[in-house]
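Predicted model, so just to flag it, every value in this text is computed and none were measured.
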Amino acid sequence: QVHLVESGGGLVQAGGSLRLSCTASGRTVSNYAMGWFRQAPGKEREFVAAITWSGGFISYVDSVTGRFTISRDNSKNTVFLQMNTLKPEDTAVYYCAATPVYNTGSMTQATGYEYWGQGTQVTVSS
């Protein structure tokens with residue numbers, strides 16, 4: 001089992017920044033792909049960003065490209081999501097996910113991940 005815990009969510013004004021963190025425990029996550037998804041009330045879970053273990057492949061949803069940056073520190077089993085120039089439409093619960101088996105297509109799909117965190121709320125006011 002891999003246990004994921006997110007932190008760093010909160011309330012911020014439009015144009016501000018937040019950094020989310022997700023730390024894994026229980027098993028090592030070396031060679032795991034990790035990703036971030038978000039879900040607003042009444043909406044489907046949406047892909048945000050993903051990264052391979054080495055960082056050699058990174059993907060973002062178009063709406064956050066240029067504003068969000070995903071990174072990871074494998075020595076700490078942690079993945080980050082730096083969110084800049086936040087917009088009200090970024091408001092959602094953000095979830096961290098991990099999987100040991102993946103490809104560039106599955107990394108952008110919620111069904112491609114085996115392990116999930118509890119989520120952290122991000123609220124952006126206008």
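Considering all non-hydrogen atoms of both residues, A92 and A40 come closest at CB-N, 4.0 Å. Shortest non-hydrogen contact noted between T108 and S59 is CG2-OG, 3.8 Å. Nearest heavy-atom pair across A24 and V2 is CB-CG1, 4.0 Å.
A donor-acceptor pair under 3.5 Å links the side-chain atoms of N74 to the main chain of W53, judged by distance alone. Panel note: side chain T52, backbone F57; a donor-acceptor pair is recorded below 3.5 Å. Panel note: side chain T120, backbone G9; a donor-acceptor pair is recorded below 3.5 Å. Listed for the E6 side chain is a donor-acceptor partner under 3.5 Å among the backbone atoms of Q118.
Separation of atoms CZ (R72) and OG (S21) is listed at 13.5 Å; rounding is to 0.5 Å. Atom OG of S126 is separated from atom CD of Q13 by 9.0 Å, given to the nearest 0.5 angstrom. From W36, atom CH2 reaches atom CZ of F47 across 13.0 Å, with rounding to the nearest 0.5 Å. Separation of atoms CG (L18) and CD (Q82) is listed at 8.5 Å; rounding is to 0.5 Å. How far CZ of R38 is from CG of D90: 5.0 Å, rounded to the nearest 0.5 Å. Taking CZ from R19 and CE from M83, the interatomic distance works out to 11.5 Å, rounded to the nearest 0.5 Å.
Here the side chains of M34 and L4 are in contact, with some heavy-atom distance below 4.5 Å. Looking at heavy atoms from C-beta onward, E114 lies out of side-chain contact with Y32 at the 4.5 angstrom threshold. Using a 4.5 Å heavy-atom cutoff, the side chains of W116 and R45 are in contact. S63 has its side chain within reach of E46: a pair of non-hydrogen atoms, C-beta onward, lies under 4.5 Å apart. Proximity of L11 to T123: side-chain heavy atoms (C-beta onward) are separated by under 4.5 Å at one or more points. Side-chain atoms of V124 and E89, non-hydrogen and from C-beta on, never get closer than 4.5 Å to each other.
The list of ring-ring contact (aromatic ring centres under 6.0 Å, His included) pairs with a residue in residues 74-115, not counting sequence neighbours, reads F37-Y113. Pairs passing the disulfide (SG to SG under 2.5 Å) check and including a residue from residues 39-103, sequence neighbours excluded, read C22-C96.
In the hydrophobic clustering of this structure, I58 groups with V48; members are Ile, Leu, Val, Met, Phe, Trp, Tyr whose side-chain heavy atoms approach within less than 4.5 Å, directly or through other members.
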